[in-house]
Visitor: 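Sharing a structure here in structure tokens format.
Numbered from 1 within each chain, the chains take letters A, B, ... in sequence-line order.
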Amino acid sequence: MQSKYNPKEFEDRIYEKWLSEKRFSAHVNPNKKPYTIVLPPPNITGQLHMGHALDQTLQDVLIRWKRMQGFEALWLPGTDHASIATEVRVLKTIEEAEGITKDQLGREEFLKRAWAWRDEYGRIIVNQMQKLGSSCDWDKERFTMDEGCNHAVTEVFVRLYEKGLIYRGNRLINWCPDCKTTLSDAEVEHEEKPGAFWHVKYPIVDGEGYLEIATTRPETMVADTAVAVNPNDERYKHLIGKFCKLPLFDRELPIIGDDYVEMDFGTGALKVTPAHDPNDFEIGLRHNLEQINGMNDDATMNEVAGKYEGMDRFACRKAIVKDLEAEGYLVMTKEHPHNVGTCYRCSTVIEPRVSDQWFVKMAPLAGPAIDVVNNGEMRIIPDRFTKVYMNWLENIRDWCISRQLWWGHRIPAYYCQTCPEIVVAKEMPDVCPSCGSSHFKQDDDVLDTWFSSALWPFSTLGWPEKTPELNYFYPTNVLVTGYDIIFFWVIRMVFSGLDAMGEKPFDDVFIHGLVRDAHGKKMSKSLGNGVDPLDIIDQYGADALRFMLATGNSPGNDLKFQIERVESSRNFANKLWNASRFVIMGLEEGQYELDGSERLTLADEWILSRLDTMITEITQALDKYELGIAANKIYEFTWNEYCDWYIELAKKRLYGEDAVAKQTVQKVLVKVLRDILKLLHPFMPFITEEIWGFIPHAEDALVTSKWPEADEKYQNPTAERQMNSIMEAIRNLRNVRAEMDVVPSRKAKCMILASDASVGELLINQGEYLMTLASCSEVVLVTNNKEVPEDAVSAVIQGAELYLPLDDLIDFEKEMDRLQKEKAKLEKEVERVVSKLNNQGFVAKAPAHLLDEEREKEAKYRELLGTVDARIQVISLKLK
RNA sequence: GCGAGAUUAACUCAGAGGUAGAGUACUUCCUUGACGUGGAAGGAGUCGCGGGUUCGAAUCCCCCAUCUCGCACCA
């Protein structure tokens, strides 16, 4: 074992070993219970970022833990084609490098390039995950556009179509003029932007005056087909049925009455543009209004716009406002910031547009997805996200799934070239069922990228085939993902799983937050505040990064990335490394198993008892998905109990002459270290496996070793109580010495005056602990304080006073100050306890054990106070 | 507008109906044979404000404030 902790030296080597020994492989195994996680497939758009590192660390902790608990643990990895994101990315790269546009490239060539891209980034991503230590079953790696997934996508599409849950409709959809595709509602982000209300006169035809209309988007006037007022509006109701004139255009618009119009908003009169606004679209349907499309697919104005044709929509807005003003139609302009929808991929303002698209009918699918959570079959952790989940499902609208893109699953709909028939089928039909023609053309569009990810938990296990894997591993146990894709992905997996499999896709959904930079800003390329996980691994090791991510926060909350915390995790790894080196140092060939024949010391019993408690608590925390708590417990136990106390106390026997005692302490050292390595392994897999290779063990590799189980025989409350007394004594002695500025190298005799004989006996029996850890030269019992020299400093614990005669070193004034301080502290404690015990309510209603505890405390503090007081008397005489 | 989260030590965050915790930073001391990426001792917080429930609230409930973040949006 190398003397320096150097993760670079072993992390890759260890991972290679795991791979070559097939440690992550999972198979259908009737003798074991399965535990399954499917990896949220990272997009192949680029490299993994810190958010992926967090997501994967959490999953790896769970899967490694379950693997050690004896489950057939499958973590199924893969990547997502990420239709729109990848297409945008690939096209941009090609355009920047070669100056070739999408149209110039052509569909076939583009797909060739995109596949090459996928191969490259797929490899990079796998490499990154392996660097992080992710224990996926790589033989089962999948891609959302591989053959099996394609098969599943087509199957689901056809089935849903046949059930009437997929339909083609001419509806108002979200259109991104830059990506030139539709977007689902979930893919539209709302952003508040400055805007204005323009109040415009629409003159009444065959009558006096005009209707004043307020609009935020004057350019859509070109496509107005009506003006609506509330039928109960006294100001306008007489106008219903009449017409008004569309300013700047020689068109007449019917004035209609519709409840949708709110009388007290704006002017109470609404221009209706069915082809460019969702609400107007609905009004249009109710009143049979014509839908006029005023824009091209790039959001420039089309021929409908007359003289504005060819202008960009925002340029057109300005031009129309200018013309309205010039011709006297503009009443006023009012500032009005409002939310506009933008594309989640390119941030372009989306344009609502009427178009023929494919939709999934959501209502019938949403119901079961709601039920499965309501009836407790599926849990969302933390629970608060259940509300988010429900809220979305209860207000769900139909899902627009067709995209005008090339990278993705082409829609399995075939259009007869001689009649209007559309055939939806797994393969291109031979003959048209309506006209007998054999000429078909497949739909040009591809599916929303989330359509295929929705099938991930079962498409990856072989569905629609009834494979043994599907039968064994589905439903999966837990889905681990960020709250940002609950709508996009989690919900869609749930209803897809319920529909296709008839069973939920996972038992638990474990939601985590996002990784932010040190200032709480979202990490992003454009801000340049991203931190590359590989850089951190290179500098500090994967274990340090993982530990930091796992302990950084509580479930569901965002995590700020702080390099100090990575450093502190690395320091912990270093600590473990060195402690292990210490344990290994004196070991010789042979067995170091505890067999019950050993004569254990107090410290042995204490650490074994504490370890036992830790095993229970850590396992319980993991069971509750409290990964951070579990990791903290291991950290504290390892550092503050095992290293700071047990190892220090072990040294005497280790370096001593007694071979049997030495072997006993080595056995305990090894036993505890072994379990520490196991408990820590899910969090820090590399260092623990590396150390495992150096310590005696009967099992195989740590990665597949057995998770520790608590064993009641190690529980030892007496040993814990006694050790606490000793540790308190040592701490107090150290404290006194530090306050009196006594250097550690100056040893001192320790005289014990016990008010409780058993405490005195304990301290004498374990006198060597005081000698080792509190710089005592010897520890002796005295029966009367007359035996104690006056010029001694004192430390007190319950049941005993400890005196250090330090003659020449003692400064009585200083000692007086110290004693006064201590007295004040104790008086406060007594006061607190007394007031509590004087409280009749407390005495009457508090649980008995608390009452007892408080009474014990009172006795203890009074005793300590008495001792301190006595010392003050003695010292004050000295000062005179 | 509806909903959620946050508000705890200088900083970043855990925790939790029964005397406030960690990491970092800070002060003092320590070349003790695993480790200075270390050891020891210490200072530091009326747990956002105001009410309520309770013997007891930082913890549960209500109100308010500030900051995030979702969702829905009135043209």
Visitor: Using whole Å, report how far CG of D558(A) lies from C1' of A14(B).
Guide: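 Taking atom C1' of A14(B) as the reference, CG of D558(A) is at 16 Å.
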Visitor: In whole Å, measure the gap between the C1' atoms of A44(B) and G51(B) for me.
Guide: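 Their C1' atoms lie roughly 31 Å apart.
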Visitor: Considering only the P atoms, how many Å lie between A14(B) and C30(B), rounded to the nearest integer?
Guide: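 Straight-line distance between the two P atoms is 38 Å.
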Visitor: What's D277(A) touching, base or sugar-phosphate or nothing? Going by heavy atoms closer than 4.0 Å.
Guide: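 Nothing, no nucleic acid heavy atom in range.
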Visitor: Decide yes or no, distance alone: a donor-acceptor N/O pair under 3.5 angstrom between the base of U37(B) and the side-chain of Y540(A).
Guide: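 Check fails, no donor-acceptor contact within cut-off.
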Visitor: Among U37(B), A34(B), G18(B), which nucleotide has an atom closest to any side-chain atom of R570(A)?
Guide: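 From the listed options, U37(B) comes nearest.
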Visitor: Crowded around K747(A) NZ? As in, over 12 foreign heavy atoms under 6.0 Å?
Guide: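 Above 12, so yes.
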Visitor: Is any side-chain heavy atom of E768(A) less than 4.5 Å from a side-chain heavy atom of T772(A)?
Guide: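 Side-chain contact under 4.5 Å: yes.
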Visitor: With hydrogens left out and only the distance checked, is there a donor-acceptor pair under 3.5 Å joining E648(A)'s side chain and the base of A40(B)?
Guide: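 Checked by distance alone, the answer is no.
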Visitor: Quantified in whole Å, what is the P atom distance between nucleotide A4(B) and nucleotide A75(B)?
Guide: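 One P to the other, the span is 25 Å.
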Visitor: So with a 6.0 Å cut-off around CD of E335(A), is the heavy-atom count from everything else above 12?
Guide: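 12 or below, so no.
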Visitor: Between G39(B), A34(B), G15(B), which nucleotide has the shortest distance from any of its atoms to the side chain of S554(A)?
Guide: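 Closest nucleotide to the S554(A) side chain: G15(B).
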Visitor: So, is W639(A) near the phosphate of G39(B), with a side-chain N or O under 4.0 Å from OP1 or OP2?
Guide: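 For G39(B), OP1 or OP2 has a side-chain N or O of W639(A) closer than 4.0 Å.
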Visitor: With a 4.0 Å cut-off on heavy atoms, is I647(A) in touch with a base, just the backbone sugar-phosphate, or nothing at all?
Guide: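 Base contact - I647(A) has a heavy atom under 4.0 Å of at least one base atom.
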Visitor: Is it the case that atom CZ in R397(A) sees more than 12 heavy atoms from other parts of the structure closer than 6.0 Å?
Guide: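 Counting other residues, nucleotides and ligands, CZ of R397(A) stays at 12 neighbours or fewer.
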Visitor: Under 4.0 Å, counting only non-hydrogen atoms across every strand here, what does K575(A) touch: a base, just sugar-phosphate, or nothing?
Guide: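 It contacts base atoms.
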Visitor: Are OP1 or OP2 of G33(B) and a side-chain N or O of K651(A) less than 4.0 angstrom apart?
Guide: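 Result: no.
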Visitor: Does F561(A) reach a base, just sugar-phosphate, or nothing at all? Heavy atoms under 4.0 Å.
Guide: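 Nothing, no nucleic acid heavy atom in range.
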Visitor: At 4.0 Å (heavy atoms only), tell me whether R731(A) reaches a base, stays on the sugar-phosphate, or touches nothing.
Guide: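 R731(A): backbone/sugar contact only, no base atoms under 4.0 Å.
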Visitor: Under the 3.5 angstrom rule, does the side chain of T333(A) hit a backbone N or O of W198(A) as a donor-acceptor pair?
Guide: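 No; zero donor-acceptor contacts below 3.5 Å.
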Visitor: How far does the P atom of C47(B) sit from the matching atom of G36(B), given to the nearest Å?
Guide: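 Result for the P pair: 40 Å, nearest Å.
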Visitor: In whole angstrom, what separates E829(A)'s CD from A20(B)'s P?
Guide: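 Spelled out: CD on E829(A) to P on A20(B) is 10 Å.
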Visitor: Atom CE of M390(A) to atom C1' of G3(B): distance rounded to whole Å?
Guide: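 In whole Å, G3(B) C1' lies 15 Å from M390(A) CE.
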Visitor: Is R565(A) side chain donor-acceptor paired with the U12(B) base, going by distance under 3.5 Å alone?
Guide: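 By the distance-only test, no, there is no pair.
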Visitor: Report the distance from atom CG of D280(A) to atom C1' of A75(B), rounded to the nearest whole Å.
Guide: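 The answer, rounded to whole Å, is 7 Å.
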Visitor: Is there a side-chain contact between M548(A) and Y540(A) in this structure, where contact means two heavy atoms from C-beta onward sitting under 4.5 Å apart?
Guide: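 In short, these two side chains do not touch, never coming nearer than 4.5 Å.
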Visitor: Could you check whether Y344(A) and F488(A) have their ring centres less than 6.0 Å apart?
Guide: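 They qualify: ring centres under 6.0 Å apart.
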Visitor: Answer yes or no: is there a side-chain heavy-atom contact under 4.5 Å between P352(A) and N174(A)?
Guide: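 A side-chain contact is absent here, since even the closest heavy-atom pair is not under 4.5 Å.
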Visitor: Expected output check: what is the dot-bracket annotation of RNA chain B, where ( ) and [ ] are pairs inside the strand (brackets for crossing ones), | is paired with another strand, and pairs are Watson-Crick or G-U under 3.5 Å?
Guide: (((((((..((((....[..)))).(((((.......))))).....(.(((..]....))).))))))))....
Visitor: Hey, is the side chain of N557(A) poking within less than 4.0 Å of OP1 or OP2 on A4(B), counting only N and O atoms?
Guide: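 It does not, given that no N or O in the side chain of N557(A) lies less than 4.0 Å from OP1 or OP2 of A4(B).
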Visitor: Is the phosphate of A75(B) approached by H336(A) (side-chain N or O, under 4.0 Å from OP1 or OP2)?
Guide: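 Checking A75(B) against H336(A), a side-chain N or O does come within under 4.0 Å of OP1 or OP2.
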Visitor: Using whole Å, what does the distance between atom P of nucleotide U54(B) and atom CG of N839(A) come to?
Guide: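 In whole Å, U54(B) P lies 14 Å from N839(A) CG.
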Visitor: Please report, rounded to the nearest Å, how far the P atom of U12(B) is from the CD atom of Q562(A).
Guide: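 The distance from CD of Q562(A) to P of U12(B) comes to 7 Å, rounded to the nearest Å.
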Visitor: Taking the six-membered ring of F582(A) as reference, does the NZ or CZ atom of K651(A) fall below 6.0 Å from its centre and within a 45° cone about the axis?
Guide: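 Geometry flag: set, cation within 6.0 Å and 45°.
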Visitor: Taking the C1' atom in each of A6(B) and U59(B), what is the distance between them to the nearest angstrom?
Guide: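 Per the computed distance, 16 Å lies between those C1' atoms.
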Visitor: Distance check, C1' atoms only: U54(B) and A65(B), in whole angstrom units.
Guide: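 After rounding to an integer number of Å, I get 27 Å for this pair.
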Visitor: Between A4(B), A75(B), C29(B), which one does the side chain of K387(A) approach most closely?
Guide: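 The answer is A4(B).
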Visitor: Looking only at side-chain atoms of F582(A), point me to the closest of A72(B), U37(B), A34(B).
Guide: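 Looking only at side-chain atoms, F582(A) lies closest to A34(B).
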Visitor: Rounded to whole angstroms, how far apart are CZ on F572(A) and C1' on U24(B)?
Guide: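 Those two atoms, CZ and C1', are 17 Å apart.
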Visitor: Please classify the nucleic acid contact of R384(A) as base, sugar-phosphate, or nothing, using heavy-atom distances under 4.0 Å.
Guide: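 It contacts sugar-phosphate atoms only.
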Visitor: Provide the distance between the two P atoms, one in C64(B) and one in G50(B), to the nearest whole Å.
Guide: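 It works out to 16 Å between them.
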Visitor: Are Y655(A) and the base of G33(B) stacked, counting only ring centres nearer than 5.5 Å and planes tilted under 30°?
Guide: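 Ring-base stacking flag set for Y655(A) and G33(B).
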Visitor: Taking the nucleotide of RNA chain B with the nearest heavy atom to each, does Y483(A) or G266(A) sit closer to the 5' end?
Guide: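 The answer here is Y483(A).
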Visitor: Taking the same atom, C1', in A58(B) and in G48(B), what whole-Å distance lies between them?
Guide: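 Straight-line distance between the two C1' atoms is 12 Å.
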Visitor: Assign each of T216(A) and E626(A) to its nearest nucleotide of RNA chain B by heavy atoms, then name whichever residue's nucleotide is nearer the 5' end.
Guide: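 Whichever sits nearer the 5' end wins; that is E626(A).
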Visitor: With the side chain of Y635(A) defined as its heavy atoms from C-beta on, choose the nearest nucleotide among G23(B), A34(B), G18(B).
Guide: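 Closest nucleotide among those given: G23(B).
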Visitor: To the nearest Å, how far apart are L549(A) CG and A14(B) P?
Guide: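 After rounding, the reported distance stands at 14 Å.
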Visitor: Using a 4.0 Å heavy-atom cut-off across all strands, classify A579(A) as base, sugar-phosphate, or nothing.
Guide: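 Touches a base.
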Visitor: Within the structure, does a side-chain N or O atom of N578(A) lie under 4.0 Å from either OP1 or OP2 of U37(B)?
Guide: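 Indeed not, no polar side-chain atom of N578(A) lies that close.
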Visitor: Do Y5(A) and N571(A) pass the side chain to side chain donor-acceptor pair (under 3.5 Å) test, and can you show the C-alpha distance, the side-chain angles, and the key distance before you say yes or no?
Guide: CA-CA 10 Å; Y5(A) 168 56; N571(A) 293 354; over 6 Å; no
Visitor: N632(A) side chain: which of C30(B), A14(B), U12(B) is closest?
Guide: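 Nearest nucleotide to the side chain: A14(B).
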Visitor: Would E829(A) and K825(A) pass as an ion pair if we require N to O under 4.0 Å?
Guide: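 Looking at K825(A) together with E829(A), the answer is no, because their closest N to O distance does not fall below 4.0 Å.
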Visitor: Would you indicate which nucleotide in G23(B), C35(B), A14(B) comes nearest to any side-chain atom of S568(A)?
Guide: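 Nearest nucleotide to the side chain: G23(B).
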Visitor: Please pick, from G70(B), A75(B), U37(B), the nucleotide with the shortest atom-to-atom distance to any side-chain atom of N571(A).
Guide: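 Of the candidates, U37(B) comes closest.
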Visitor: Where the side chain of H190(A) is concerned, which of A75(B), A72(B), U37(B) is the nearest nucleotide?
Guide: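 That would be A72(B).
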